[in-house]
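Heavy-atom basis, side chains included; hydrogens, waters and symmetry copies ignored.
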Amino acid sequence: MNVRNILMSAAMAVSTAAIAGTPVYLDSSAPLEKRVEDALSRMTTHEKIRIIHAQSKFSSAGVPRLGIPELWCTDGPHGVRPEVFWDKWKQAGWTNDSCVAFPALTCLAATWDKDLSHLYGKSLGEEARFRGKDVLLGPGVNIYRTPLNGRNFEYMGEDPYLAGKMVVPYIQGLQKNGVAACVKHFALNNNEVNRHYTNVKVDDRTLYEIYLPAFKAAVNEGGAWSIMGAYCLYQDKHLCHNPRMLNDILKGEWGFDGAVISDWGGTHNTGEAVTNGLDLEMGSWTNGLHAGASNAYDNYYMAKPYEDMIAAGKIGTKELDDKARRILRLIFRTAMNNEGGFGSMNSEEHYAAARRIGADGIVLLKNRKNLLPLRNLANGKVLVVGENAIKMMTVGGGSSSLKVQREVLPLDGITAALAGKARVEYQRGYVGDVSGEYNGVTTGQNLAESRPAEKLIADAVAAAKDADYVIFVGGLNKQSGQDCEDSDRKGLGLPYGQDDVISALAAVNPNLIVVNVSGNAVAMPWADKVGAIVQAWFLGSEAGNSIADVLTGKVNPSGKLPFTFPRRLEDVGAHAMGAYPGTKRADSDIWDLSYDEGVLVGYRWFDTKKVKPLFAFGHGLSYTTFEYGKITADSKDMTADGKMTFTVPVTNTGSIAGAEVVQLYITDNKASVMRPAKELKGFDKVFLQPGETKNVTFSVSPEDLAYFDADKHEWIAEPGKFTAHAAAASDDIRSSVSFTLK
């Protein structure tokens, strides 16, 4: 049980007796705002100051005099971070802070399944609640702009509509536990290189159409209780205290009533932090007690320097009251929320959820001659090759690194699934990263290897010649320069000479299956030489079982790509325009980065510029087949205040049950401004038995047809002809229908 929750009622009763009268905020049946205002009215200026900045690495102070508890944050978004010391990043050495690692958010987005997103949030929220955490620092919804971004694996892909629809149920499932989502990183945090010094230059149309919608959905539809500011700059102002982004858009246009929390070390100035929308300052000196043990946290920008400004009459308390009000609201929703239950940790239900989400997010990219699923083994030989088959992936990658109770490795999952059916052998193939430590958490693995690269390849090839199947498990890992916070990749290619290993294996065995473990697209110069390609993501605690479930056919793959796999880096809009990583200013640390590709991000660029991808956005195969009927509309015309319903019948024409993600794209046939060739405006995942047909329906309103007019600062839906496309991927349109917006 969560001791903190058990003691909460007693603490509240004690504080009630200690305060004259009956405080409204202690009565959980009273309206939230009355409780907040009552508490605020009883606080001193010093107490208000204390609750708006950190008191430790991951907590901010409460108001003990009033029985208001501390607020505790924890890193996510894939699991609850292990405990560190009060003032240091060093591990605290607890023996009961291991967790279930859930699949990375790229995998969740690849499920295209809103119900699974809710299950993800609910399960993670239960783990956080059990550990006494109030704010989970996640999920992330920054847009996949370049495949070099080291942090893409923490986000939900390249399309704002998909990210927005997938983040909402995650937030709702999480917050039902009384744990706040802290949606990050708001906004324009689309690369890690120079992340503290990059000043993003982006036009308003691109900002509102591409980079803000998922955050807006998180706030207005998901009801997120907190938002984390980004490290980078916009309009020469840091995004943790940016007046346009935080005051004008988030709190003004969207009416956000929650708290803005700085990223750790993202606050830079007292005056700007006070006036430009920041509510809770965390981690301004992340290297420990920067200013000494007695006063480090008092010296935060929004601590004593702020209080001194008020005392000197240099600034009033209007901003302070608003900040304190928002933090109180956050505390009442979380730390003083008795309706969130006690939570649970490392439960079999959570492992089952992780396994299911992982398997449903795996994407079958290629399956020549139905090589998969594995079958007709007859006690034959299956060779597994590759370091990623034996390397733990839950440790590393930055702040999302975890300390897990257990992690099923791909080799172990495959071996267990084929027990009694085939003999499983293993060859290393290549050596990548032999370390197994991040922030004091160690994997305990010994991945040392003495054989040179040539010998590793030769041994793998020799073992592959007589194998019935060869399964290469490679890709990226979570080391710096790959899928990792605070660094970007150097190129699109696979590291550690893996292309040579794959090509050598393909030359001796046609039944080669490549399982790519990554949170980013990678180049595949060998794609035409191999039998099958599986995109497996970072799958967390149940990684090996999820992969084995798909390879053996226990689970029919239904994942679809949440971002485009390009053939070359130069095919990506940002790189084709030379708009990465920006230009360093003379005599300054600041880099200016212009988003010159505008709204043409991801498939919008590939489709509009007619660039053929390696694998398109929304692509994903199945072990069965689906036939799409003709899409129809319930009317030929859409009125300005009406909606249209589109219907497409989908039939499972194969021999096994499976799920298909039906996608709806809209084309503006003739517009007064440049518009992408088509844009995703609906999707639905439908499960079908063999021979079964279901009608998939989509509702589209004029708002879905609009573009953002920066000059008028409003969304414009121009009357005219549009086309709706039913598709299995952005490059796989099955049928289309035209209609007119009146």
Next item on the list: Could you check if a side-chain atom of I471 sits within less than 4.5 angstrom of a side-chain atom of L551, using non-hydrogen atoms only?
Entry: yes
Notebook entry, point to check: Taking the six-membered ring of F683 as reference, does the NZ or CZ atom of K114 fall below 6.0 Å from its centre and within a 45° cone about the axis?
Noted result: yes
Checklist line | Qualifying residues under ring-ring contact (aromatic ring centres under 6.0 Å, His included), relative to H350, sequence neighbours excluded | finding: none
Note to self: Given 3.5 Å as the limit, does a donor-acceptor pair link the side chain of Q498 with the main chain of G474, or not?
What the structure shows: no
Notebook entry, point to check: Taking only residues two or more places apart in sequence or in another chain, which ones pass side chain to side chain contact (heavy atoms under 4.5 Å, CB included) with N545?
Noted result: R355, V408, E542
Item checked: Test log, rule side-chain contact (heavy atoms from CB on, under 4.5 Å), inputs Y155 and V141 -> CA-CA 5 Å; Y155 301 140; V141 291; over 6 Å; no
Check: Once you round to the nearest 0.5 Å, how far does CH2 of W225 lie from CG of L174?
Finding: 8.0 Å
Note to self: Taking G386's backbone N and O only, do any of them form a donor-acceptor pair with Q427's side chain (distance below 3.5 Å, no angle check)?
What the structure shows: no
Notebook entry, point to check: Passes side-chain hydrogen bond (donor to acceptor under 3.5 Å, both in side chains), W537 versus Q535? Steps please.
Noted result: CA-CA 6 Å; W537 318 110; Q535 177 60 30; over 6 Å; no
Checklist line | Non-hydrogen atoms of E127 and S347 that approach each other most closely | finding: OE2-N, 4.3 Å
Next item on the list: Answer yes or no: is there a donor N or O on one side and an acceptor on the other, between the side chain of T552 and the main chain of L374, under 3.5 Å?
Entry: no
Check: Looking at residues at least two apart in the chain, or sitting in another chain, which of them share a ring-ring contact (aromatic ring centres under 6.0 Å, His included) with F186?
Finding: F215, W254
Note to self: Between N189 and E192, does the side-chain contact (heavy atoms from CB on, under 4.5 Å) criterion hold? Intermediate values first, please.
What the structure shows: CA-CA 8 Å; N189 195 140; E192 288 293 291; 3.4 Å; yes
Margin query: Does this structure show an ion pair linking K184 with D263, if we count only N-O contacts that are shorter than 4.0 Å?
Written below: no
Checklist line | Which atom of S60 lies closest to which atom of H53, heavy atoms considered | finding: CB-O, 3.4 Å
Checklist line | Reported OG-to-CZ distance for the pair S558 and F687, which is rounded to 0.5 angstrom | finding: 9.0 Å
Checklist line | M392 side chain reached by L409 side chain, heavy atoms, under 4.5 Å | finding: yes
Checklist line | Point-to-point distance, once rounded to the nearest 0.5 Å, from CE of M156 to CD1 of I143 | finding: 11.0 Å
Next item on the list: Return yes if some donor-acceptor pair links the side-chain N/O of E281 with the main-chain N/O of S262 below 3.5 Å, else return no.
Entry: no
Notebook entry, point to check: Any sub-3.5 Å donor-acceptor pair from D488's side-chain atoms to G150's backbone N or O?
Noted result: yes
Next item on the list: Step through the shown structure and confirm whether more than 12 heavy atoms of other residues, nucleotides or ligands are within 6.0 Å of NZ on K421.
Entry: no
Next item on the list: Return the set of residues passing side chain to side chain donor-acceptor pair (under 3.5 Å) with Y496 (not counting sequence neighbours), or none when no residue passes.
Entry: N477, Q482
Next item on the list: Carefully, step by step, assess N516 and V534 under the rule side-chain contact (heavy atoms from CB on, under 4.5 Å).
Entry: CA-CA 6 Å; N516 181 63; V534 175; over 6 Å; no
Check: Taking side chain as C-beta onward, heavy atoms only, is L492 less than 4.5 Å from P147?
Finding: yes
Notebook entry, point to check: Is there side-chain contact between L372 and L364, with heavy atoms separated by less than 4.5 Å?
Noted result: yes
Check: Just wondering, do N520 and R489 contact through their side chains at under 4.5 Å, heavy atoms?
Finding: yes
Check: Is the F615-F617 ring centre distance short of 6.0 angstrom?
Finding: no
Item checked: Donor-acceptor contact present, side-chain S59 to main-chain Q55, <3.5 Å -> no
Next item on the list: Using modelled atom types only, decide if a donor and an acceptor are shared between the side chain of D483 and the backbone of G519 within a distance under 3.5 Å.
Entry: yes
Checklist line | Cation-aromatic face contact K57/W89, 6.0 Å, 45 degrees | finding: yes
Note to self: To the nearest 0.5 Å, what is the distance between CE on M166 and CG on D159?
What the structure shows: 12.5 Å
Check: Of the non-hydrogen atoms in L476 and M393, which two are nearest, and what is the gap between them?
Finding: O-CE, 3.6 Å
Margin query: Less than 6.0 angstrom from the centroid, inside 45 degrees of the normal: does K478 satisfy that with respect to the ring of Y438?
Written below: no
Note to self: How close do N556 and Y623 get, counting heavy atoms only, and between which atoms?
What the structure shows: OD1-N, 2.8 Å
Notebook entry, point to check: Mind checking whether W264 and Y231 have ring centres under 6.0 Å apart?
Noted result: no
Item checked: N177 side chain to G173 backbone, donor-acceptor under 3.5 Å -> yes
Check: Going by atom types alone, do H78 and Y120 pair a side-chain donor with an acceptor below 3.5 Å?
Finding: no
Notebook entry, point to check: With no hydrogens and no angle check, is any side-chain donor or acceptor of E449 less than 3.5 Å from a backbone partner on R451?
Noted result: yes
Next item on the list: Evaluate the side-chain proximity of V530 to I513: yes if any heavy-atom separation is below 4.5 Å, no if none is.
Entry: no
Check: Is it true that a side-chain atom of T111 and a backbone atom of D113 form a donor plus acceptor pair closer than 3.5 Å?
Finding: yes
Check: More than 12 heavy atoms of other residues, nucleotides or ligands under 6.0 Å from NZ of K122: is that the case?
Finding: no
Note to self: Let's go through N191 and L148 carefully: what are the C-alpha distance in whole Å and the side-chain angles of both, what is the deciding distance for side-chain contact (heavy atoms from CB on, under 4.5 Å) to 0.1 Å, and is it a yes or a no?
What the structure shows: CA-CA 8 Å; N191 52 273; L148 300 188; over 6 Å; no
Notebook entry, point to check: At their closest point, which heavy atom of L494 faces which heavy atom of G475, and how far apart are they?
Noted result: CD2-CA, 3.6 Å
Margin query: Pairing donors with acceptors under 3.5 angstrom, does anything connect the side chains of Y144 and N190?
Written below: no
Check: Heavy atoms, side chains only, cut-off 4.5 Å: are L383 and Y469 in contact?
Finding: no
Sequence neighbours left out, cut at 3.5 Å: what donor-acceptor pairs do the side chains of residues 90-107 make with other protein atoms?
residue : atom : partner : partner atom : Å
Q91     : NE2  : N439    : O            : 2.8
D97     : OD1  : K403    : NZ           : 2.7
D97     : OD2  : E83     : N            : 2.9

Note to self: With a 4.5 Å cut-off on side-chain heavy atoms, are V179 and D134 touching?
What the structure shows: no
Item checked: R129 with E126: basic N within carboxylate O range, under 4.0 Å -> no
Margin query: By the side-chain hydrogen bond (donor to acceptor under 3.5 Å, both in side chains) test, which pairs, at least two apart or in different chains, include something from residues 386-402?
Written below: R151-S399, E387-R428, K391-D433, T394-E407, S399-E485
Check: Just how far is it from atom OG of S226 to atom CD1 of I261, taken to the nearest 0.5 Å?
Finding: 4.0 Å
Checklist line | Minimum-distance pair of heavy atoms, taken over all atoms of V522 and F565 | finding: N-CE2, 3.7 Å
Margin query: If I take atom OG from residue S344 and atom CZ from residue F130, how far apart are they, to the nearest 0.5 angstrom?
Written below: 8.0 Å
